[in-house]
2 protein chains.
Amino acid sequence: MDGVDTDWRSGAIVNPSIAEAESAIKRKIGSSIVVVAGSCSAEYEGRGSSSSTEGDKLLIVKPDGAVIVHGPKGFRPLNWQPSTSHIEISETGGEMLLKFVRRKPRETLLLRCRDVWFVAWIDSPEEGAYWMYLSEEDLREAIVRHPEELLGEKIRFYVKEKRTPAGRADIYGVDGQGRLAIVEVKRIRADERAVRQLEGYVREYSKNAAVRGILAAPDISEKARILLESLGLEFRRIDLKKAYKLVKRSKPKSVLDYLDST
Amino acid sequence: MDGVDTDWRSGAIVNPSIAEAESAIKRKIGSSIVVVAGSCSAEYEGRGSSSSTEGDKLLIVKPDGAVIVHGPKGFRPLNWQPSTSHIEISETGGEMLLKFVRRKPRETLLLRCRDVWFVAWIDSPEEGAYWMYLSEEDLREAIVRHPEELLGEKIRFYVKEKRTPAGRADIYGVDGQGRLAIVEVKRIRADERAVRQLEGYVREYSKNAAVRGILAAPDISEKARILLESLGLEFRRIDLKKAYKLVKRSKPKSVLDYLDST
DNA sequence: TCATATATGTCGCAC
DNA sequence: GTGCGACGTATATGA
């Protein structure tokens with residue numbers, strides 16, 4: 001074995017024996033991000049079932065119990081476990097067995113490693129602040145605040161995310177003619193599901209009065225458009241860049257607030 | 001620096017200087033799975049936008065151009081790139097910059113690393129065979145082949161995934177009384193969306209004749225059940241274990257075929 | 001805890 | 001390539 005182990009916040013051992021790998025993993029798991037590379041097979045049994053024969057695998061175990069197994073290709077893991085309630089590490093017949101169990105839903109992931117190429121770790125990893133912008137919530141906010149710019153007409157919105165028996169619609173308002181307008185917002189191209197959802201909300205209210213159903217999205221699929229028109233609903237194309245500028249201008253403090261708190 | 005570099009199929013250098021890290025990454029990228037741990041910030045701009053401030057990150061770059069950035073928590077990566085068309089590695093002001101560009105859609109991922117904890121790699125990684133079973137397709141197949149065992153009645157199915165203007169229903173058949181039966185299959189607990197979908201397909205056909213709409217799933221949410229009953233649709237609880245046994249028994253060769261071909 | 005809705009969703013398949 | 005629905009979807013949020 002050719003090993004390196006230090007007092008630093010991270011370390012690695014290269015080409016360890018199975019026993020050495022096992023000991024290092026046991027010592028580091030729970031408090032560190034542990035990365036194990038080796039020639040392993042994997043079996044998963046839970047909501048579905050999967051199996052992979054021996055091949056090079058990269059295993060990542062995080063302090064919060066997240067487990068990720070990557071193969072040589074693709075960005076999606078072969079197997080994973082969002083949170084693991086129980087971990088067993090053992091050795092049998094020159095193989096290292098790693099068993100990750102999750103309860104609710106009951107799932108088990110079993111790794112069987114014949115060779116370990118390296119074990120590496122980062123102790124007590126620190127998280128950076130993270131944010132995304134122009135979320136669907138931001139877009140809703142932009143439409144509520146700037147209906148004329150984004151929808152092309154004046155609508156006074158008086159409630160966001162109103163509940164109805166059929167579910168929850170995005171925003172409700174009153175248009176220039178005093179009619180109720182129900183607006184379903186999508187940050188991405190609207191599909192048939194969005195139309196059906198909107199239809200459900202509109203139907204709920206149209207029992208009592210005439211109601212406009214408006215689908216606001218940057219784009220709409222052809223099938224969704226046909227369905228929407230056949231149901232007497234309206235589509236408003238949203239300019240995301242415009243919305244982004246409006247949100248940025250109207251509440252730039254949201255990001256600053258976040259930065260200040262970190 | 002405390003480094004290890006060998007002739008083996010894998011290796012690692014621990015606590016390298018920025019220059020050493022850069023050189024190792026440049027040498028290994030493309031042919032190896034490269035794992036880099038360090039204190040980095042990341043910015044993504046493309047279909048969405050995200051930003052994370054300095055913190056411990058784990059970067060994985062695979063030979064096929066897949067890039068994955070993990071933080072200390074959760075099973076989902078902070079950032080990723082399914083395939084990268086262009087990679088730039090450089091050094092500025094004591095920081096290592098890693099820029100990953102993807103074309104179509106145009107996306108860029110920029111990592112800025114102030115410290116590198118380790119760089120590790122697996123050369124020419126080998127893939128094992130992989131398969132999954134009891135997918136939704138398997139379940140559909142099981143219902144088509146064994147309607148009596150799984151739905152509790154004889155239905156002769158004559159087409160799978162028929163297209164309708166409202167979309168695509170799972171399976172269509174004729175029941176004992178000669179009525180058209182449209183079956184929507186869900187491998188997991190059915191929700192309101194599933195009911196709405198089924199309703200759409202049924203409505204499409206009920207213009208011409210009486211049609212039964214059957215939702216087949218291992219479970220159904222309470223709200224979905226209420227909606228389903230109010231729409232005059234039916235629910236059939238599916239025993240997944242029974243379905244699994246039926247599929248395994250009826251076509252065990254699928255797995256064997258796969259094994260033979262590897 | 002359950003239910004709902006989003007996602008840089010991704011993936012696979014039909015057109 | 002686009003369109004569309006499934007996914008071991010995971011994840012956040014509200015009831």
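Just so it is clear, the values below take in all heavy atoms, side chains as well, and ignore hydrogens, waters and symmetry mates. All figures in this text were calculated on a predicted structure; none of them were measured in a lab. To find a chain, count down the sequence lines: A is the first, B the second, and so on, and within it residues start at 1.
- Under the 3.5 Å distance criterion, with hydrogens and angles disregarded, a donor-acceptor pair is assigned to the side chains of A/H70 and B/K62.
- Side-chain contact, B/E43 with B/S51: no donor N or O sits under 3.5 Å from an acceptor N or O.
- With distances taken from any side-chain atom of B/N79 to the nucleotides C/dT8, C/dT10, D/dT11, the minimum falls on C/dT8.
- Between the side chain of A/E184 and the backbone N or O of A/I214 there is no donor-acceptor pair closer than 3.5 Å.
- Taking atom C1' on both nucleotides, D/dA6 is separated from D/dA10 by 15 Å, rounded to a whole Å.
- Going from atom CZ of A/R225 over to atom C1' of D/dC4 covers 16 Å, rounded to whole Å.
- C/dT6 and C/dT10 are spaced 14 Å apart, taking the C1' atom of each and rounding to whole Å.
- The separation between B/H70 atom NE2 and D/dA10 atom P is 14 Å, rounded to whole Å.
- Nearest to the side chain of B/E184, among D/dA6, D/dA10, C/dT10, sits D/dA6.
- Closest to the A/R102 side chain, of the nucleotides D/dG8, C/dC11, C/dG9, is D/dG8.
- Pairing for C/dT8 is absent, judged as Watson-Crick or G-U wobble with the two contacts each under 3.5 Å.
- Computed from coordinates, the B/L198 CG to D/dG5 P distance equals 14 Å when rounded to whole Å.
- Rounded to whole Å, the distance from CZ on A/F75 to C1' on C/dA7 is 11 Å.
- Across the interface with DNA chain D, nearest-nucleotide mapping of A/E107 and A/P82 shows A/E107 to be the residue nearer the 5′ end.
- Between B/R76 atom CZ and C/dA7 atom P there is a gap of 11 Å when expressed in whole angstrom units.
- Computed from coordinates, the B/L78 CG to C/dG9 C1' distance equals 15 Å when rounded to whole Å.
- B/L109 comes within 4.0 angstrom of nothing in the nucleic acid, heavy atoms only.
- The side chain of A/W80 has D/dG8 as its nearest neighbour among D/dT11, D/dG8, C/dT8.
- In this structure a side-chain-to-backbone donor-acceptor pair under 3.5 Å is missing from B/D64 to A/K73.
- Rounded to whole angstrom, the span from the CD1 atom of B/I226 across to the P atom of C/dA3 amounts to 11 Å.
- Considering only side-chain atoms of A/K186, the nucleotide from C/dT6, C/dC11, D/dG8 that sits closest is C/dT6.
- Rounded to an integer number of Å, the gap from B/K73 NZ to D/dA10 P is 19 Å.
- At least one donor-acceptor pair closer than 3.5 Å links the side chain of A/T53 to the backbone N or O of B/A129.
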